[in-house]
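Here's the structure we're looking at; comments come further down.
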Amino acid sequence: MRLYPAIDIINGQAVRLVQGDYKKETVYDKDPVQVAKQWEDAGADYIHVVDLDGAQDGTWKNRETISNIVKSVKVPVQTGGGIRSLQDIEERLSVGIARVILGTVAIKNPALVSEAVNKFGQEAIVVGIDAKDGMVAIHGWEQVSDMSALDLCLKVKAMGITTIIYTDIAKDGMMLGPNIEQTRQLIQETGMNIIASGGVSNYEDLEKVSQIQAEGVIIGKALYTKAIDLKKAIRQFESR
């Protein structure tokens with residue numbers, strides 16, 4: 001199981017939100033580039049970066065910061081937030097980002113998902129599914145669609161997507177543990193590579209995610225509050 005340390009960015013700073021609420025923002029570091037280097041030094045072999053400004057308004061406001069992260073580390077970086085077009089994807093890949101995460105657009109413009117896979121390849125495109133009570137949330141989690149997470153997984157799988165990042169919004173930033181049951185269901189019913197996200201708070205949570213055969217797990221707040229030591233966690237879970 002791969003561990004993905006997360007860096008969420010607002011106005012060029014590393015922050016964490018609670019349940020995706022932009023009014024509940026905590027700034028953890030004014031220099032996300034240094035945070036990325038810290039995670040790399042701890043042994044991370046992939047870094048997860050979200051442009052929260054972009055997720056809200058569909059622009060790449062944090063381009064400079066994210067580009068600098070990519071330049072400063074040797075490990076691959078995946079990123080999402082505000083990606084709405086093939087040009088948006090191309091711009092991110094052009095600065096060295098390894099994987100682009102499509103979120104809202106998978107609901108709003110599913111044809112783009114298929115085009116992106118065909119143009120850039122399966123390795124470069126993943127879909128981020130953020131759900132509230134099993135239903136997909138869009139536009140920076142501010143709206144809930146009428147499509148279930150499972151249905152969206154199966155829909156994009158048919159388009160060639162192999163990897164999903166699944167976040168339970170109710171769990172995100174709450175340090176109450178991930179939604180193991182829902183994540184397990186997606187893994188079992190889709191056969192896709194599912195990366196669990198949201199709510200990971202301790203090593204027991206990592207153990208539970210490991211047991212359901214998730215491809216990976218994204219860790220955010222637990223790293224910033226030092227509830228989980230990344231180096232120790234990587235040693236424990238990535239060597240299996």
Between K37 and E40, does any side-chain N to carboxylate O distance fall below 4.0 Å? no
Working for side chain to side chain contact (heavy atoms under 4.5 Å, CB included), residues I165 and I218
CA-CA 9 Å; I165 297 170; I218 291 169; 3.5 Å; yes
Side chains of E181 and Q185: is there a donor and an acceptor less than 3.5 Å apart? no
In short, V200 meets L206 closest at the heavy-atom pair CG1-CD2, 3.8 Å
The test is side chain to side chain contact (heavy atoms under 4.5 Å, CB included); show your working for W60 and D51 and say whether it passes. CA-CA 7 Å; W60 197 10; D51 182 344; 3.2 Å; yes
Main-chain N/O of L86 paired with K119 side-chain donor or acceptor, under 3.5 Å: no
From the list I195, I101, V77, side chain to side chain contact (heavy atoms under 4.5 Å, CB included) partner of H48 resolves to I101
When rounded to the nearest 0.5 Å, the distance separating CD1 of I125 from CG of L102 is 5.5 Å
If we only count heavy atoms from C-beta on, is the I66 to V95 side-chain gap below 4.5 Å? no
For M192 and T162 the tightest heavy-atom approach is CB-O, 3.6 Å
Test item: D53 side-chain N/O and N11 main-chain N/O as donor-acceptor pair under 3.5 Å: yes
Side chains of Q38 and Q34: donor-acceptor distance under 3.5 Å anywhere?
no
Exercise. V209 and T183: side chain to side chain contact (heavy atoms under 4.5 Å, CB included), yes or no, with the steps?
Worked result: CA-CA 8 Å; V209 176; T183 308; 5.8 Å; no
| field | Side-chain (D229) to main-chain (K232) donor-acceptor, under 3.5 angstrom | value | yes
Nearest heavy-atom contact between A36 and I47 is O-CD1, 3.5 Å
Q. Where does the angle between the aromatic ring planes of Y224 and W39 fall among parallel (under 30°), tilted (30 to 60°) and perpendicular (over 60°)?
A. perpendicular
Heavy atoms of L93 and F120 approach each other most closely as CD1-CD2, 3.6 Å
Correct closest heavy-atom pair for P76 and A98 would be CB-CB, 3.7 Å
| said: Quick check: do D205 and V217 have side-chain heavy atoms less than 4.5 Å from each other? | reply: no
Donor-acceptor pair, S114 side chain versus M159 backbone, under 3.5 Å? no
What one should report as the nearest heavy-atom pair of R63 and S94 is NH2-OG, 4.3 Å
